[in-house]
Amino acid sequence: MQFKAMIISNHEVSPGYFRMRMSAPPELADARPGQFIMVRVRDAIDPLLRRPFGIFDVGTVASEFSGCGPQTYVEMLYKVVGKGTETLSTYHHGDHVDLLAPLGTGFDLGDPDEEKILVGGGIGIAPLYYLAKKLVERSRVRFFLGGRTRDDILCVTEFERLGVETYVATDDGTLGDRGFVTDVMERHIRGAAGKRTIYACGPMPMLQAVAGIAERTGVPCQVSLEAYMACGMGACLGCVVKGKEHSDESPDYRCVCKDGPVFAFDQLKWV
Amino acid sequence: MQFKAMIISNHEVSPGYFRMRMSAPPELADARPGQFIMVRVRDAIDPLLRRPFGIFDVGTVASEFSGCGPQTYVEMLYKVVGKGTETLSTYHHGDHVDLLAPLGTGFDLGDPDEEKILVGGGIGIAPLYYLAKKLVERSRVRFFLGGRTRDDILCVTEFERLGVETYVATDDGTLGDRGFVTDVMERHIRGAAGKRTIYACGPMPMLQAVAGIAERTGVPCQVSLEAYMACGMGACLGCVVKGKEHSDESPDYRCVCKDGPVFAFDQLKWV
Amino acid sequence: MQKPDLSVEIAGITLRNPVMTASGTFGYGEEFSEYVNLEAIGAIITKGLSLKPKAGNPTPRIVETTGGMLNAIGLQNVGIDAFVEKKVPFLRTVATPVIVNFFGNTLEEYAELAERLDLIPEVAAVEINISCPNVKHGGIVFGTDPKAAYSVVKAVREATIKPVIVKLSPNVTDIVEMAWACADAEADALSLINTLTGMAIDLDKRRPILANVTGGLSGPAVKPIALRMVWQVARAVKIPVIGIGGIMTGIDALEFMLAGATAVQVGTANFLDPGAAGRIAAEMERYLADNGIADVKEMIGALEV
Amino acid sequence: MQKPDLSVEIAGITLRNPVMTASGTFGYGEEFSEYVNLEAIGAIITKGLSLKPKAGNPTPRIVETTGGMLNAIGLQNVGIDAFVEKKVPFLRTVATPVIVNFFGNTLEEYAELAERLDLIPEVAAVEINISCPNVKHGGIVFGTDPKAAYSVVKAVREATIKPVIVKLSPNVTDIVEMAWACADAEADALSLINTLTGMAIDLDKRRPILANVTGGLSGPAVKPIALRMVWQVARAVKIPVIGIGGIMTGIDALEFMLAGATAVQVGTANFLDPGAAGRIAAEMERYLADNGIADVKEMIGALEV
Ligand SMILES: Cc1cc2nc3c(=O)[nH]c(=O)nc-3n(C[C@H](O)[C@H](O)[C@H](O)COP(=O)(O)OP(=O)(O)OC[C@H]3O[C@@H](n4cnc5c(N)ncnc54)[C@H](O)[C@@H]3O)c2cc1C
Ligand SMILES: Cc1cc2nc3c(=O)[nH]c(=O)nc-3n(C[C@H](O)[C@H](O)[C@H](O)COP(=O)(O)OP(=O)(O)OC[C@H]3O[C@@H](n4cnc5c(N)ncnc54)[C@H](O)[C@@H]3O)c2cc1C
Ligand SMILES: Cc1cc2nc3c(=O)[nH]c(=O)nc-3n(C[C@H](O)[C@H](O)[C@H](O)COP(=O)(O)O)c2cc1C
Ligand SMILES: Cc1cc2nc3c(=O)[nH]c(=O)nc-3n(C[C@H](O)[C@H](O)[C@H](O)COP(=O)(O)O)c2cc1C
Ligand code: FES
Ligand code: FES
């Protein structure tokens with residue numbers, strides 16, 4: 001869908017990280033966790049391309065008092081890294097942006113009887129909140145959250161409020177354990193019995209570590225990837241990633257935008 | 001001078017016309033009428049070039065009550081015509097723009113004992129208000145103001161408040177006389193005795209008509225021109241206009257930005 | 001006033017309006033069908049096709065630059081067999097001309113593919129992408145050498161009775177010379193411009209951003225260059241010219257027509273606004289109506305210089 | 001850490017930093033002296049000079065495009081006599097190397113002007129603008145034909161003992177071939193790119209916006225093309241290369257150096273920000289300091305591909 005969204009709120013949740021709520025048509029309430037949106041930052045030429053962001057949350061509110069009808073909203077959580085996100089961070093309630101949403105496939109929620117392990121690195125937690133919200137309805141969910149320093153650890157309270165058990169690690173030990181969140185997660189998996197699935201999103205080295213753990217422990221794992229995108233709909237072939245069977249002779253490229261951004265880790269070629 | 005100006009106010013004075021007041025360093029209070037400013041509309045690449053605008057007014061205010069020191073301001077009056085002016089029109093109190101000011105030479109205030117005839121077409125009145133403010137201190141000033149329709153007639157009250165006699169003409173007769181303001185002005189000059197100087201700013205056909213009248217009546221006349229500009233300081237040679245002596249063999253180009261924007265009409269080649 | 005007539009004719013094909021989607025920016029049409037009424041656009045030009053499937057380049061393949069973007073997709077495509085099997089069935093359902101953009105690495109490959117395309121009734125015309133290195137002749141790019149361009153166009157011309165459009169590369173000293181060579185080889189129309197070769201660098205990593213090092217620049221940044229080349233070529237040849245490069249609005253499209261283009265293609269704009277092609281056609285219609293112009297064909301080459 | 005060393009050497013001239021002002025965008029230096037400390041920049045390159053004063057083109061001469069601008073100033077300049085009389089006295093007072101950009105309409109004019117410039121002690125080096133038509137040879141542009149470029153560079157080379165920089169036009173199929181021709185003719189350095197030929201149209205008036213119809217495109221829009229050409233040329237020749245095209249920040253400038261440039265020139269940026277040249281040098285210094293790089297020369301050609 002393409003629509004003009006009104007910004008409902010846009011606030012800094014940690015230095016350099018913003019959470020933005022935008023109005024959306026009712027159909028968006030059916031978006032699947034792991035799907036993403038593409039934002040046209042300004043109705044102008046610079047920045048030129050749309051910027052992709054995970055869906056942090058969707059929902060519908062109806063004010064009991066104002067008598068307004070129900071209003072669907074979509075939220076994103078973003079980090080200011082360049083001119084697009086910087087411009088977004090200046091927007092206020094009442095400003096508008098043009099959105100394409102929902103895009104991509106999303107996470108497979110899988111078997112309710114198993115434990116769900118969520119692993120997020122830095123801003124990589126963005127698509128995991130909406131996922132957690134869906135998963136806790138049916139499964140036990142643990143969330144492993146890592147970042148460089150404590151300012152990069154976002155929304156712990158929000159996850160805990162869902163009833164998710166949350167584990168934090170920072171590279172510098174300023175919050176939670178010192179070290180890699182993937183190590184904390186691996187220790188947990190090794191110690192525990194029963195079936196589980198890992199859902200991961202974050203920087204590539206973290207995803208590689210997670211894929212390694214999944215490989216070693218035989219735990220199924222879904223990862224959400226990022227890639228430079230132009231169209232977001234499988235047309236430009238700008239965002240591809242190497243599929244499992246890829247070789248130079250017999251290429252197997254998948255579109256992150258259309259075939260992903262979520263992939264079962266064993267469907268991809270890791271280096 | 002180059003400085004960051006804070007926007008103090010920016011409001012629509014007539015459909016599509018805005019008046020914007022910006023903070024300025026104290027030196028700007030010495031700007032001469034007819035000088036102009038170049039505005040960097042956004043601290044970004046699009047729009048790329050600065051936009052030139054006449055100085056509508058400058059002044060200094062000191063609040064009696066707040067105890068703040070005196071604050072110099074500069075004002076411009078602008079018409080929304082393209083992406084630069086459209087962006088400007090969205091700015092609010094507290095936003096910032098980067099300015100080069102004051103640029104160019106400005107009007108010659110001339111002999112106080114003569115009558116001053118100001119002729120403005122549409123947004124061409126912009127540099128005439130500050131001029132009128134200076135002139136009324138010493139001379140009798142009449143202001144002839146023309147536009148397509150009544151929405152293009154701006155700031156009549158402001159001029160009258162200065163003690164300027166104001167005559168209005170519109171092409172469609174929706175305000176003042178129907179017809180060209182230059183005809184009204186010519187009738188006035190022909191009927192009157194004594195010395196006078198004409199100061200004119202507006203679209204090229206109007207300036208050509210004014211120059212014709214000046215020529216026929218022998219009344220000295222200064223015109224303020226517009227030209228596409230890149231540097232605003234005489235370096236790029238983008239803004240030139242043909243001087244009186246211009247011919248293909250012996251070129252005589254003048255920079256509107258540096259040698260102007262105000263020229264004695266008999267210094268220019270009128271086609 | 002009546003609705004303005006937006007239809008134009010290119011190489012014997014009548015288009016309901018002059019706005020086509022540029023190759024490589026619109027997939028095979030289906031991808032965009034949710035966002036734009038495919039039957040509101042002039043023609044669909046499909047992603048550059050080759051005989052065999054092509055892997056394309058490693059990633060990153062795209063990067064934004066000021067007012068434009070670089071791409072080094074590397075002509076990844078499904079190959080002619082999968083095209084016929086998987087893409088044509090959808091295109092058959094759309095009442096809009098389909099033009100197939102294609103390329104080869106040798107003269108023979110160009111000719112063979114043209115023969116294959118000749119047999120597909122859904123293909124209204126072919127567009128030859130000549131911006132490819134000729135692997136048999138030391139990699140000299142077909143699109144920058146008039147003789148090589150002549151021979152590839154000639155080979156295709158002889159292999160198909162479908163209208164042949166040749167897409168010119170702007171990376172040349174003299175675009176008119178290239179246009180003449182293609183016209184001499186009996187091209188039915190010329191389209192220009194393809195992308196300009198450019199590069200972007202990641203300072204911190206000290207590496208090119210694109211895995212392929214260089215890529216093709218497109219988008220509004222290149223529009224002045226495209227407009228100039230279209231103007232030069234349209235004055236120099238008798239066959240119709242299709243203008244491409246940075247078109248974002250109906251105004252842009254009409255400027256290209258004034259410069260001499262009979263039709264236009266919209267590329268990068270599809271990424272900002274998936275409905276761009278339909279919107280641009282509508283904007284053209286509005287402009288014509290507002291200005292009392294009955295027929296868009298009046299605009300072609302109407303620039304006064 | 002100590003302050004990074006920003007100095008570089010081009011053709012025997014030591015520059016305090018690699019940032020020069022591009023010809024035609026900085027007048028004769030004096031115009032900008034209120035906004036930028038002229039002694040904080042690497043070198044001043046003056047407006048293209050000819051033997052006789054030149055009128056330039058009719059107006060409009062400039063127009064903004066997306067991410068760039070077109071100019072068709074038409075090389076208006078005061079001529080060598082007025083230059084010596086009116087511009088050199090100011091430049092003499094500035095402790096910054098002055099490089100004079102110049103052009104001619106014939107080989108002989110180039111040589112004659114070079115001889116005149118050779119006698120002016122304030123001129124640290126000359127930069128030849130070869131993007132001009134050779135009036136004696138049917139208007140073929142010196143800058144797009146390697147043989148013509150060779151002969152004009154050779155003629156200048158023989159007429160002066162000052163360092164000779166040749167400024168290359170990007171409007172060519174093969175920039176490396178042009179670079180080779182100039183290096184063969186014993187140019188001391190190459191600067192690139194000059195502007196790309198483009199055009200803009202006023203739809204309502206149905207006319208080109210520039211009175212000259214076409215103009216030269218500059219600004220950030222062209223940066224990817226400039227970066228690619230600098231990279232190609234720097235790998236191909238042994239003489240130093242000066243990078244030009246859309247440089248707005250210290251980051252941009254350092255990217256050009258990674259691509260192989262020994263120094264850079266800043267053009268259009270001067271219009272947005274008259275202090276651009278000084279600011280860019282300061283931004284380069286800050287980047288080097290922040291990244292523990294002691295000498296800017298470490299960046300030259302340090303791109304890993
Ligand atoms: C499917 C998907 C989901 C994402 N979800 C989120 C999210 O929820 N929150 C969040 O903060 N970020 C997310 N990102 C990354 C986000 O898209 C980039 O941070 C953003 O595009 C940067 O834009 P910019 O203009 O600020 O940066 P610039 O560096 O100025 O951008 C320049 C260009 O590079 C592209 N680019 C830069 N970084 C990235 C990146 N990491 N991934 C893809 N393209 C990039 C931009 O889109 C743009 O085209 C996601 C990316 C993808 C592909
Ligand atoms: C010395 C001088 C004083 C001026 N004073 C005023 C004033 O007080 N109030 C006012 O409303 N306008 C004034 N103008 C005109 C004003 O500069 C343009 O209306 C404005 O630049 C348009 O910018 P834009 O981005 O909205 O339009 P666009 O059409 O998008 O601008 C595109 C380009 O064309 C240039 N341009 C467009 N129209 C003009 C024009 N009429 N003159 C010069 N350049 C133009 C722009 O600067 C820009 O580079 C003045 C112009 C000059 C030269
Ligand atoms: C991502 C991308 C892929 C492209 N693929 C092709 C292609 O396969 N064949 C081709 O002839 N042109 C291809 N092009 C060039 C476009 O068709 C068009 O000529 C160019 O982008 C200029 O138009 P624009 O500025 O409107 O984008 C591609 C362009 C882009 C941006
Ligand atoms: C207004 C203007 C005038 C120019 N005049 C000259 C000139 O006289 N001689 C020359 O060699 N280059 C001239 N140039 C080209 C610039 O020196 C420079 O090569 C070009 O603008 C690209 O750099 P930029 O993108 O930083 O502007 C001119 C450019 C502009 C914009
Ligand atoms: S972003 Fe275009 S195919 Fe994925
Ligand atoms: S605007 Fe550059 S010389 Fe006047």
Side-chain angles (χ1 to χ4, degrees), chain A residues 1-4 27 38-52 81-84 97-103 204 225-243 245-260 268-269 271, chain C residues 21-36 46-48 52-79 200 209-211 215 218-221 223 246 248-249 267-276:
Chain A
M1 244 182 311
Q2 181 176 11
F3 56 92
K4 287 254 177 256
E27 300 90 307
M38 284 192 86
V39 182
R40 183 144 181 211
V41 173
R42 292 179 64 230
D43 187 20
I45 297 299
D46 181 42
L48 187 76
L49 297 174
R50 286 172 184 268
R51 303 308 198 231
V81 299
K83 71 179 160 187
V97 286
D98 186 280
L99 296 190
L100 298 180
L103 301 171
M204 200 30 104
L225 302 185
E226 293 185 358
Y228 287 77
M229 293 184 172
C231 71
M233 49 189 73
C236 75
L237 306 178
C239 65
V240 297
V241 64
K242 287 175 187 156
E245 313 293 336
H246 183 88
S247 67
D248 279 355
E249 304 74 48
S250 159
D252 170 23
Y253 276 123
R254 320 271 175 99
C255 286
V256 171
C257 68
K258 181 118 188 164
D259 305 321
L268 299 178
K269 188 164 196 100
V271 170
Chain C
T21 54
S23 177
T25 65
F26 205 68
Y28 300 94
E30 192 166 3
E31 295 87 339
F32 280 74
S33 54
E34 181 189 336
Y35 300 96
V36 57
T46 52
K47 173 70 193 165
K52 302 244 175 63
K54 196 161 182 306
N57 290 326
T59 58
R61 290 177 169 187
I62 50 177
V63 56
E64 183 171 306
T65 64
T66 302
M69 63 178 283
L70 289 168
N71 88 79
I73 306 300
L75 295 169
Q76 177 180 344
N77 79 92
V78 296
I209 295 181
L210 298 176
S218 64
K223 187 186 141 196
M248 311 296 284
T249 66
T268 304
N270 296 310
F271 304 147
L272 285 67
D273 175 11

Taking all atoms of both residues into account, what is the closest heavy-atom pair of [X] and [Y], and its distance?
| X | Y | value |
| --- | --- | --- |
| A:Cys231 | C:Phe271 | CB-CD2, 3.5 Å |
| A:Ala235 | C:Phe32 | CB-CE1, 3.4 Å |
| C:Ile62 | A:Tyr228 | CD1-O, 3.5 Å |
| C:Glu31 | A:Gly234 | OE2-O, 3.8 Å |

Contact part of C:Gln76 toward chain A, heavy-atom cut-off under 4.5 Å: side chain, backbone, both or neither?
->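 For C:Gln76, backbone and side chain are both near chain A.
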What option among [options] has the most heavy-atom pairs under 4.5 Å with chain C?
| options | answer |
| --- | --- |
| A:Asp46, A:Ile45, A:Val240 | A:Val240 |
| A:Arg40, A:Lys258, A:Met38, A:His246 | A:Arg40 |
| A:Cys239, A:Ala227, A:Cys236 | A:Cys236 |

Should C:Pro220 and A:Leu48 count as side-chain neighbours, where that means a heavy-atom distance under 4.5 Å?
->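 Yes, at least one pair of side-chain atoms sits under 4.5 Å.
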Please state whether the side chain, the backbone, both or neither of A:Lys83 comes within less than 4.5 Å of a heavy atom of chain C.
->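 For A:Lys83, the side chain is the part near chain C, not the backbone.
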How about A:Lys269: does its NZ atom have over 12 heavy atoms from other parts shown lying under 6.0 Å from it?
-> yes
To the nearest 0.5 Å, atom CG of C:Leu272 lies from atom CG of A:Asp98 at 9.5 Å
Using non-hydrogen atoms and a limit below 4.5 Å, what part of residues 63-72 of chain C faces chain A?
-> C:Glu64, C:Gly67, C:Gly68, C:Met69
Under 3.5 Å, is there a donor-acceptor pair between the side chain of C:Arg61 and the main chain of A:Leu237?
-> yes
